[in-house]
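To start, the structure itself, in structure tokens.
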Amino acid sequence: MAIAIDGPAASGKSSTAKAVARELGFHHVDSGSLYRAATAARARAGGESSTWSEQSALDAAQIVSLASTEFGFEPMLDGQKADSEMRSESVTGNVSLVAKMPAVREWVNSIVRRAGSEYDVVVDGRDIGTVVFPDAALKIFLIADPAERARRRLRERSGGEPSAADVEEETRKILLRDEMDAKQSGQAPDAILIDTTRLKQEEQISQIAGLARAAHRQR
Ligand code: CDP
């Protein structure tokens with residue numbers, strides 16, 4: 001069984017998907033982390049991002065391997081954990097460019113579909129309910145006000161309360177990434193839209209876990 005959680009940048013998909021997977025005993029698959037891993041791998045190979053070819057990105061992605069975690073897997077680069085590199089500003093700035101490449105999308109989709117054929121999964125991303133698992137048992141589309149998304153992302157990074165100027169700058173970056181990702185993102189017609197702007201994280205987790213349990217019972 002697959003549960004798809006899609007939505008724009010920093011809408012809380014990954015943290016929610018991880019918590020829902022833990023509650024249900026499913027595997028969590030973060031498709032964005034695979035696009036980030038491919039981007040970090042391509043950056044390691046060097047050169048201006050404007051010159052990166054599709055084939056060079058696919059070749060570079062060969063250093064990506066998957067390590068098992070308690071509730072799924074995480075991508076490694078050259079056999080090493082590389083979380084901060086994959087979440088760095090430069091990777092975040094270039095990931096949309098790499099994610100536009102059809103060969104990279106095929107590479108990610110085949111990894112994600114393989115996980116879905118082996119386990120019950122909660123998968124988060126941009127096109128999971130539309131392209132990767134169009135028959136998912138439950139599709140959620142998470143949205144939140146852009147400034148609130150920026151605040152959450154900044155708090156996650158620094159732990160403290162961000163300044164108004166930082167929120168404004170981060171909101172600009174988030175909206176730019178939404179725009180760059182627009183082509184590869186989509187809300188499935190049968191997805192349930194949840195606006196998390198005024199929800200606590202525990203509320204959105206229990207709401208989605210409840211919907212997932214109901215979908216599971218129906219199967
Ligand atoms: O930072 P955030 O949680 O919003 O993004 P992410 O899930 O880490 O995804 C990083 C990037 O990967 C996105 O900005 C998209 O360019 C790309 N992506 C995609 O194209 N399709 C997906 N299913 C997931 C991510």
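Only heavy atoms go into these numbers, but all of them, side chains included; no hydrogens, no water, no symmetry mates.
Residues Val132 and Trp107 are members of one and the same hydrophobic cluster, defined by side-chain heavy-atom contacts under 4.5 angstrom among Ile, Leu, Val, Met, Phe, Trp and Tyr.
Residue Ala115 comes nearest to Val121 through the heavy atom pair O-CG1, 3.8 Å, listed as atom of the first residue, atom of the second, then distance. Closest approach of Ala144 and Arg149 over heavy atoms only: O-NE, 2.9 Å. Closest heavy-atom contact between Ala137 and Ala215: O-CB, 3.9 Å. The nearest pair of heavy atoms linking Met86 to Pro75 is CE-CG, 4.0 Å. Listed here is the closest heavy atom pair of Lys13 and Pro8: NZ-O, 2.9 Å. Among all heavy-atom pairs drawn from Ser31 and Ile128, the shortest one is OG-CD1, 3.7 Å.
Here Arg177 contributes atom CZ and Met180 contributes atom CE; the two are 7.5 Å apart, rounded to the nearest 0.5 Å. In this structure, the separation between NZ on Lys100 and CG on Asp181 is 6.5 Å, given to the nearest 0.5 Å. Interatomic distance, CD of Glu169 versus CD1 of Ile174, reported as 11.0 Å (0.5 Å rounding). Distance CD1/Ile143 to OG/Ser11: 9.0 Å, rounded to 0.5 Å. Rounded to the nearest 0.5 angstrom, Glu23 CD and Phe71 CZ are separated by 10.0 Å. To the nearest 0.5 Å, atoms NE2 (His27) and OG (Ser68) are separated by 6.5 Å.
By the 4.5 Å heavy-atom criterion applied to side chains, Glu74 and Lys81 are counted as neighbours. In this structure, the side chains of Arg213 and Leu24 come closer than 4.5 Å at one or more pairs of heavy atoms. For the pair Leu66/Met76, no side-chain contact is recorded, criterion being any heavy-atom separation below 4.5 Å from C-beta on. Residues Val64 and Leu77 are in side-chain contact: their nearest non-hydrogen atoms beyond the backbone lie under 4.5 Å apart. Annotation: side chain of Ser33 is in contact with side chain of Arg87 (closest heavy-atom distance under 4.5 Å). Side-chain atoms of Val108 and Ile111, non-hydrogen and from C-beta on, never get closer than 4.5 Å to each other. Here the side chains of Ile5 and Ile208 are in contact, with some heavy-atom distance below 4.5 Å. A 4.5 Å side-chain heavy-atom check between Leu97 and Ser49 finds at least one atom pair inside the cut-off.
Side chain of Thr197 to main chain of Asp145: a donor-acceptor pair is present (N/O by atom type, distance under 3.5 Å, no hydrogens or angles). No donor-acceptor pair closer than 3.5 Å links the side chain of Asp78 to the backbone N or O of Gln80. In this structure a side-chain-to-backbone donor-acceptor pair under 3.5 Å is present from Asp6 to Gly129. Not one N or O on the side chain of Arg151 forms a donor-acceptor pair closer than 3.5 Å with the backbone of Pro162. Under a 3.5 Å cut-off, the side chain of Arg22 and the backbone N or O of Phe26 do not form any donor-acceptor pair.
Between the side chains of Arg152 and Thr196, a donor-acceptor pair is found at a separation under 3.5 Å. Between the side chains of Gln201 and Ser15, a donor-acceptor pair is found at a separation under 3.5 Å. A side-chain donor-acceptor contact under 3.5 Å links Arg36 and Thr92.
Arg113 and Asp135 are not joined by a salt bridge, as no carboxylate oxygen comes within less than 4.0 angstrom of a charged side-chain nitrogen. We find that Arg172 and Glu168 are not joined by a salt bridge, their nearest charged nitrogen and carboxylate oxygen being 4.0 Å or further apart. In summary, Asp127 and Arg105 engage in a salt bridge, as defined by a charged side-chain N under 4.0 Å from a carboxylate O. Under a 4.0 Å N-O distance rule, the pair Glu170/Arg157 qualifies as a salt bridge. Residues Glu161 and Arg155 are paired through a salt bridge, judged by an N-O separation under 4.0 Å between the basic side chain and the carboxylate. Using a 4.0 Å cut-off between charged side-chain N and carboxylate O, Arg198 and Glu148 make no salt bridge. Ion pair Glu203/Lys200 not flagged as a salt bridge, since none of the NZ, NE, NH1 or NH2 atoms sits closer than 4.0 Å to an Asp/Glu carboxylate oxygen. Lys139 has a carboxylate O that lies under 4.0 Å from a charged side-chain N of Asp190, or vice versa, which qualifies the two as a salt bridge.
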Steps toward side chain to side chain contact (heavy atoms under 4.5 Å, CB included) verdict (Tyr35, Val98): CA-CA 7 Å; Tyr35 288 104; Val98 172; 5.6 Å; no
Test side chain to side chain contact (heavy atoms under 4.5 Å, CB included) on Leu142 and Thr16; report intermediate values, then the result. CA-CA 10 Å; Leu142 280 189; Thr16 305; 4.1 Å; yes
Starting from the C-alpha separation in whole Å, work towards a yes-or-no answer on side chain to side chain contact (heavy atoms under 4.5 Å, CB included) for Phe141 and Ile194. CA-CA 6 Å; Phe141 199 82; Ile194 301 181; over 6 Å; no
Side chain to side chain contact (heavy atoms under 4.5 Å, CB included) between Thr39 and Trp52, intermediate numbers included: CA-CA 10 Å; Thr39 306; Trp52 294 354; 4.2 Å; yes
Take Tyr119 and His28 through the test ring pair (Phe, Tyr, Trp, His ring centres under 6.0 Å) and record every step on the way to the result. CA-CA 10 Å; Tyr119 306 101; His28 170 221; over 10 Å; no
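The neighbour count for Glu54 CD, taken as heavy atoms of other residues, nucleotides or ligands under 6.0 Å away, is above 12.
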